[in-house]
Amino acid sequence: MTIQLPTGNGEFKAYEPRTEPFAATPGTPFASRTVFSAAHVVADPFADVSPDSPAAVDWDATLAFRRHLWSHGLGVAEAMDTAQRGMGLDWAGAAELIRRSAAEAKSVGGLIACGVGTDQLTGPATLAEVRAAYEEQLALVEESGAQAILMASRALAAAAKGPEDYLEVYGHLLRQASEPVILHWLGPMFDPALEGYWGSSDLDAATDTFLEVIAAHPDKVDGIKVSLLEAQREIDIRRRLPQGVRCYTGDDFNYPELIAGDEQGFSHALLGIFDPLGPLAAEAVRVLDTGDAKGFRELLDPTVELSRHLFQAPTRFYKTGVVFLAWLAGHQSHFTMVGGLQSARSLPHFARAYELADGLGLFPDPKLAEERMKNLLSLYGVNQ
């Protein structure tokens, strides 16, 4: 049996879905790499909300998805960009998400790190107000028992006059952090409001400031997450880190080679693409744990085409594809997103995502995924 998928040029192609999923079994955390999946949130489809309303979250389904990731040995990076932070999920919703997920992690022994930002600020802010907002969120994450991820701040990008302001704000936060944190550099392809972060649009100059922050407080920095989609720049930064400070790749275009590493080192991972790839990615890292880098690449390299498709420009809308695949995979009963973001990608985009994900065996029940894809097509007027 085939399914007719739109190609984007007004034509259709016949695709024959696979009948068996990729075989992956749950397992314990990994030996050679620390791996986080940034996880999406599941909207409540029955809440009477508009795109401007506070997020209505289906907490049961949201936490069940986190248990799915933990069951495969992955850590959860919570309340990050993948969870629609700043794109439908406001600070009140993020705070509740952090509290609930941290408690769930504690109950199952799961690894968790949570995003600390300044998104309770809704207008122009002074540097003092930015710092206070960061402090409020850092306190909540630390009280929850989770590791903190200091995320890039739109408010800081708007308020900072130059590199010295970043050095002052981050230095203050690192001095008061009770445990080592992860620093997150999110590029403007993910959030245009972060253009010029670290005080310069020149990435070489910005990198120097970023590394200066780390060098001044190496005991307070567990690692860095770099999301610039430039493999060589990440490698160069990785090689300049103080001993003991880890690099967590956030490069959803080049992650296999960065995690595999080279003779001078490797990256750990904190990736949005590991939300839909969870079981397959976990299996690949377990192969890498045995020292089999070739086997690792053979499993993970074929996933890059799907990742590049989901993260294609405008990259910030990759969350739509992630949630779409979670629906097809049966992790949630509907394809609805907070803020109505399910409308952010086209039908041909969804069709290609389905084809690539099915080809990788990502759907535990391929028949269910096929039926749901056909239902979506019918809503657009495509009859099979």
Just do the side-chain hydrogen bond (donor to acceptor under 3.5 Å, both in side chains) check on S37 and D275 with the steps written out, would you? CA-CA 6 Å; S37 166; D275 178 304; 5.0 Å; no
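- In terms of the salt bridge (charged side-chain N to carboxylate O under 4.0 Å, His left out) criterion, residue partners of K294 (sequence neighbours excluded) are, by chain and number, E298.
- The main-chain N or O of L173 is never found under 3.5 Å from a side-chain atom of E135 such that the two would form a donor-acceptor pair.
- Between the CG atom of L69 and the CD1 atom of I112 there is a distance of 10.5 Å, given to the nearest 0.5 Å.
- For Y134 (side chain) and M151 (main-chain N/O), a donor-acceptor pair under 3.5 Å exists by modelled atom type.
- A search for ring pair (Phe, Tyr, Trp, His ring centres under 6.0 Å) contacts involving H334 returns nothing, not counting sequence neighbours.
- Using a 4.0 Å cut-off between charged side-chain N and carboxylate O, D262 and R238 make a salt bridge.
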Where do W70 and E104 land on the side-chain contact (heavy atoms from CB on, under 4.5 Å) test, with the steps shown first? CA-CA 10 Å; W70 285 318; E104 195 74 17; 3.8 Å; yes
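- Checked for salt-bridge contact, R33 and D289 miss the test: no charged N lies under 4.0 Å from a carboxylate O.
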Can E78 and R85 be said to form a salt bridge (charged side-chain N to carboxylate O under 4.0 Å, His left out), step by step? CA-CA 10 Å; E78 188 56 276; R85 191 82 180 264; over 6 Å; no
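- Here E371 does not pair with K374 in a salt bridge; the nearest charged N to carboxylate O distance is not below 4.0 Å.
- Considering only heavy atoms from C-beta on, E136 stays 4.5 Å or farther from L140 through its side chain.
- Using bins of under 30°, 30° to 60° and over 60° for the plane-to-plane angle, the ring pair Y170/W198 lands in the tilted bin.
- A pairwise comparison of heavy atoms in P17 and I3 identifies CG-CG2, 4.1 Å as the closest pair.
- Sorted by first and then second residue, the salt bridge (charged side-chain N to carboxylate O under 4.0 Å, His left out) pairs involving residues 35-50 (not counting sequence neighbours) form an empty list.
- Evaluation of the side chain to side chain contact (heavy atoms under 4.5 Å, CB included) rule for D60 yields D58 as partners, not counting sequence neighbours.
- Here the side chain of T62 pairs no donor or acceptor atom with the backbone of W59 at under 3.5 angstrom.
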Using the rule given for side-chain contact (heavy atoms from CB on, under 4.5 Å), can you reason through L211 versus L241, listing the C-alpha separation, both sets of side-chain angles and the distance that settles it, and then say yes or no? CA-CA 7 Å; L211 290 170; L241 291 174; 3.9 Å; yes
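- Salt bridge annotation for K367-E370: present, with a cationic side-chain nitrogen under 4.0 angstrom from a carboxylate oxygen.
- Proximity of V323 to T336: side-chain heavy atoms (C-beta onward) are nowhere separated by under 4.5 Å.
- Shown here are the ring pair (Phe, Tyr, Trp, His ring centres under 6.0 Å) partners of W327, two or more places apart in sequence or in another chain: F335.
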Contacts under 3.5 angstrom, residues 155-169 side chains, donor-acceptor by atom type, not counting sequence neighbours:
unit_1, atom_1, unit_2, atom_2, d
D165, OD2, K161, N, 2.7
E168, OE2, R131, NH1, 2.9

For side-chain contact (heavy atoms from CB on, under 4.5 Å), just list the numbers for F324 and L376, CA-CA rounded to whole Å, side-chain angles, deciding distance to a tenth of an Å, and then say yes or no. CA-CA 10 Å; F324 170 67; L376 182 68; 3.7 Å; yes
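- Salt-bridge formation is not detected for the pair R286/E283: no Lys NZ or Arg NE/NH1/NH2 atom is positioned less than 4.0 Å from an Asp or Glu carboxylate oxygen.
- The shortest distance between side-chain heavy atoms of P192 and R316 falls below 4.5 Å.
- With contacts defined as side-chain heavy-atom distances shorter than 4.5 Å, the pair D119/D90 does not qualify.
- Summarising the geometry, atom OG1 belonging to T207 is positioned 8.5 Å from atom CG belonging to D236; distances are rounded to the nearest 0.5 Å.
- By the 6.0 Å contact criterion, CD on E179 is open, its count of non-hydrogen atoms from other residues, nucleotides or ligands being 12 or less.
- The structure places CD1 of I273 at 5.0 Å from CG of L310, a figure rounded to the nearest 0.5 Å.
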Run the side-chain hydrogen bond (donor to acceptor under 3.5 Å, both in side chains) check on E195 and S201 step by step: do they pass? CA-CA 7 Å; E195 177 66 44; S201 293; 3.1 Å; yes
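- Side-chain atoms of E142 come within 3.5 Å of backbone N or O of S178 as a donor-acceptor pair.
- Panel note: side chain K220, backbone A177; a donor-acceptor pair is recorded below 3.5 Å.
- Here F311 pairs with Y318 under the ring pair (Phe, Tyr, Trp, His ring centres under 6.0 Å) rule; sequence neighbours left out.
- The side chain to side chain contact (heavy atoms under 4.5 Å, CB included) test applied to E11 returns T7, N9, not counting sequence neighbours.
- Applying the salt bridge (charged side-chain N to carboxylate O under 4.0 Å, His left out) rule to R240 yields the partners D208; only residues at least two apart in sequence or on another chain are considered.
- Checking side-chain atoms of H331 against main-chain N and O of A326 turns up no donor-acceptor pair under 3.5 Å.
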For E355 and H309: C-alpha separation, side-chain torsions, deciding distance, then whether side-chain hydrogen bond (donor to acceptor under 3.5 Å, both in side chains) applies. CA-CA 11 Å; E355 180 183 357; H309 177 72; over 6 Å; no
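- When atom types are taken as modelled, the side chain of Q84 and the backbone of K319 share no donor-acceptor pair closer than 3.5 angstrom.
- Going from atom CG of D252 over to atom OG1 of T82 covers 7.5 Å, rounded to the nearest 0.5 Å.
- Although no hydrogens or angles enter the test, the distance criterion places a donor-acceptor pair under 3.5 Å between the side chain of D358 and the main chain of R18.
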Show which side-chain atoms of residues 19-31 pair as donor or acceptor with protein atoms under 3.5 Å away, not counting sequence neighbours.
none

As a quick check of understanding, evaluate side-chain contact (heavy atoms from CB on, under 4.5 Å) for D292 and F296, giving each step before the final call. CA-CA 6 Å; D292 184 1; F296 166 80; over 6 Å; no
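- Sorted by first then second residue, the ring pair (Phe, Tyr, Trp, His ring centres under 6.0 Å) pairs that include residues 72-96, not counting sequence neighbours, are H68-H72.
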Please evaluate residues T118 and S153 with respect to the criterion side-chain hydrogen bond (donor to acceptor under 3.5 Å, both in side chains), reporting the C-alpha separation (whole Å), side-chain torsions for both, the decisive distance (0.1 Å), and the verdict. CA-CA 6 Å; T118 63; S153 162; 2.6 Å; yes
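- For R345, the salt bridge (charged side-chain N to carboxylate O under 4.0 Å, His left out) criterion is met by no residue, not counting sequence neighbours.
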